[in-house]
Protein chains: 2
Amino acid sequence: MARANLTPAAVIAAAAELADREGFDAVSVSALARRFGVQTASLYSHVRDRSAVLDGVHVLALGELADRIAVAIGGRSGRDALVALAAAHRAYARECPGRWAALQRPAAASTVRSAAAARVVALNLAMLRGYRLPETELVHATRLLGATVNGFLALEANGSFGHRDPATDDSWHRAIDALDVAFRHWPAERNS
Amino acid sequence: MARANLTPAAVIAAAAELADREGFDAVSVSALARRFGVQTASLYSHVRDRSAVLDGVHVLALGELADRIAVAIGGRSGRDALVALAAAHRAYARECPGRWAALQRPAAASTVRSAAAARVVALNLAMLRGYRLPETELVHATRLLGATVNGFLALEANGSFGHRDPATDDSWHRAIDALDVAFRHWPAERNS
DNA sequence: ACGCCAGCCTACACCCTTTAGGTTAGAACC
DNA sequence: GGTTCTAACCTAAAGGGTGTAGGCTGGCGT
């Protein structure tokens with residue numbers, strides 16, 4: 001019985017590739033086993049269950065996205081950094097749709113605590129530095145950034161905007177410009 | 001063999017209730033059949049497949065959401081209407097998490113063409129009337145609205161904001177205020 | 001060479017999806 | 001009431017997935 005030299009990392013990498021190629025929902029332990037030429041049950045020596053595989057893809061995707069964001073915002077500030085950061089997200093979502101979909105799942109506790117997640121947060125804060133927001137407002141701004149960018153990409157990915165015609169790109173630019181406006185005219189805390 | 005008096009609408013209503021009670025992923029044709037006390041295969045006389053059931057829940061949710069938005073924004077304008085519209089979304093997502101999850105799926109062509117979908121669009125445009133945006137900018141503003149609100153609710157639902165402490169509510173209010181700011185200072189088209 | 005065990009396998013229990021074809025409840029008609 | 005028809009139910013089956021238990025063995029360490 002030849003050993004297939006499986007490792008958790010190899011399984012997760014294969015899952016990420018399968019997700020991008022055939023869709024997030026096509027990732028099953030059975031499908032992965034077929035790719036490695038072993039029986040499905042054999043994979044459980046290396047991964048706890050399907051959910052653990054997808055958690056791994058989630059962390060992998062966070063790391064890759066952080067890499068791309070770091071490159072995109074390096075040497076840029078203010079609106080330019082915002083545009084570049086958002087563009088990195090959009091390019092990633094388009095080029096790696098399965099990986100991106102893994103990011104939409106609830107994050108496991110270990111993922112929340114991962115170095116990759118911390119990097120994404122740090123990069124968001126670095127980008128926001130150019131807007132000179134009060135310290136206490138940074139968490140709110142970070143959440144708005146994530147919500148708007150991710151929300152737009154999710155709607156785009158599920159076809160809510162109809163066919164990808166020029167108007168969607170215009171909408172994208174407008175959305176990022178609107179974010180820039182919001183950050184520059186940040187609404188202070190109100191009595192409510 | 002007593003007839004269970006099934007109809008497509010009854011199946012869809014049961015699916016919606018099941019989604020809210022046990023989670024979107026718990027909705028299967030098998031689970032629905034158990035609720036009606038019939039064999040799984042019997043449901044295929046009434047619904048084409050699982051996907052068709054979920055499409056039905058999607059349309060149902062759009063209609064319910066439209067009803068809530070209409071009530072929320074009635075008699076309000078400008079920022080008040082925006083806050084109320086967004087709050088209607090958030091309340092719906094919290095009270096009917098399974099129905100809300102159905103809204104996140106890609107919409108079937110029939111759903112896109114449905115009266116419920118048209119109502120939601122019309123209500124969004126009605127709300128935006130208060131901001132006096134140029135006609136050509138309305139589609140962009142509508143998309144930003146949907147992206148931001150839905151994006152925020154999606155992140156909230158999947159735990160990205162950690163526990164629902166006061167800071168998340170603050171972030172929500174800030175996000176809606178930021179939207180208000182963006183609509184009031186709408187970024188005009190740029191040469192790019 | 002020998003011993004050990006992680007990594008593979010088979011077997012299995014359980015579950016879901018959907019199609020095909022058979023049976024029948026109940027509506028319509030006489 | 002009796003008869004006819006058929007949509008709605010059923011069983012059977014093919015195909016697919018998840019994950020546990022226990023057996024077998026390749027390859028590492030001594």
Side-chain angles (χ1 to χ4, degrees), chain A residues 1-59 98-99 101-102 104-106 108-111, chain B residues 1-59 98-99 101-102 104-106 108-111:
Chain A
M1 191 53 58
R3 299 297 174 94
N5 289 317
L6 296 175
T7 64
V11 176
I12 287 161
E17 189 194 329
L18 183 62
D20 287 338
R21 185 182 301 225
E22 305 193 25
F24 183 78
D25 289 343
V27 180
S28 64
V29 178
S30 311
L32 290 168
R34 284 193 294 276
R35 287 172 83 92
F36 286 108
V38 299
Q39 299 301 308
T40 301
S42 306
L43 283 197
Y44 293 94
S45 304
H46 304 278
V47 292
R48 195 186 65 245
D49 56 17
R50 178 172 183 271
S51 180
V53 175
L54 298 177
D55 287 344
V57 176
H58 194 154
V59 173
R99 285 164 156 86
Q104 313 314 308
R105 301 169 65 245
S110 58
T111 303
Chain B
M1 190 56 59
R3 299 294 173 95
N5 289 318
L6 295 175
T7 64
V11 176
I12 286 161
E17 188 195 328
L18 182 60
D20 286 340
R21 183 183 304 226
E22 304 192 25
F24 183 76
D25 289 342
V27 180
S28 64
V29 179
S30 311
L32 290 168
R34 283 192 294 272
R35 285 172 86 87
F36 287 108
V38 298
Q39 299 301 308
T40 300
S42 306
L43 283 197
Y44 293 93
S45 304
H46 305 276
V47 292
R48 195 185 67 246
D49 56 17
R50 179 175 182 266
S51 178
V53 175
L54 297 177
D55 287 343
V57 176
H58 194 153
V59 174
R99 286 165 156 85
Q104 313 314 308
R105 300 169 67 246
S110 56
T111 303

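Here is the naming used below: chain letters follow the sequence lines, and residue numbers restart at 1 for every chain.
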Length of the [atom1]-[atom2] vector between [X] and [N], whole Å:
X: A/Leu6; N: C/dG7; atom1: CG; atom2: P; result: 9 Å
X: A/Leu32; N: D/dG19; atom1: CG; atom2: P; result: 12 Å
X: B/Arg50; N: C/dC15; atom1: CZ; atom2: P; result: 17 Å
X: A/Gln39; N: D/dT20; atom1: CD; atom2: C1'; result: 16 Å
X: B/Arg48; N: C/dT18; atom1: CZ; atom2: P; result: 9 Å
X: B/Leu43; N: C/dC16; atom1: CG; atom2: C1'; result: 13 Å

Could you report the tightest heavy-atom contact between [X] and [Y], atom names first, then the distance?
X: A/Arg99; Y: A/Ala19; value: N-CB, 4.4 Å
X: B/Leu43; Y: B/Leu32; value: CD1-CB, 3.7 Å
X: B/Leu6; Y: B/His46; value: O-CE1, 3.3 Å
X: A/Asp49; Y: A/Tyr44; value: CA-CE2, 4.0 Å

From [options], pick the nucleotide closest to the side chain of [X]?
X: B/Arg34; options: C/dC16, D/dG19, D/dC9; value: C/dC16
X: A/Tyr44; options: D/dG19, C/dT18, D/dC9; value: D/dG19
X: B/Arg3; options: D/dA7, D/dT18, D/dC10; value: D/dA7
X: B/Ala41; options: D/dT25, D/dC10, D/dA7; value: D/dC10

Applying a 4.0 Å non-hydrogen cut-off, can you work out what [X] is touching in the nucleic acid: base, sugar-phosphate, or nothing?
X: B/Asp25; answer: nothing
X: A/Thr40; answer: nothing
X: B/Ser28; answer: sugar-phosphate

Please check the phosphate of [N] (OP1 and OP2 only) for any side-chain N or O of [X] closer than 4.0 Å.
X: A/Ser45; N: C/dC8; answer: no
X: A/Ser42; N: C/dC9; answer: yes
X: B/His46; N: D/dA7; answer: no

Donor-acceptor pair, side chain of A/Arg35 and main chain of A/Ala15, under 3.5 angstrom:
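Checking the backbone N and O of A/Ala15 against the side chain of A/Arg35, no donor-acceptor pair under 3.5 Å is found.
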
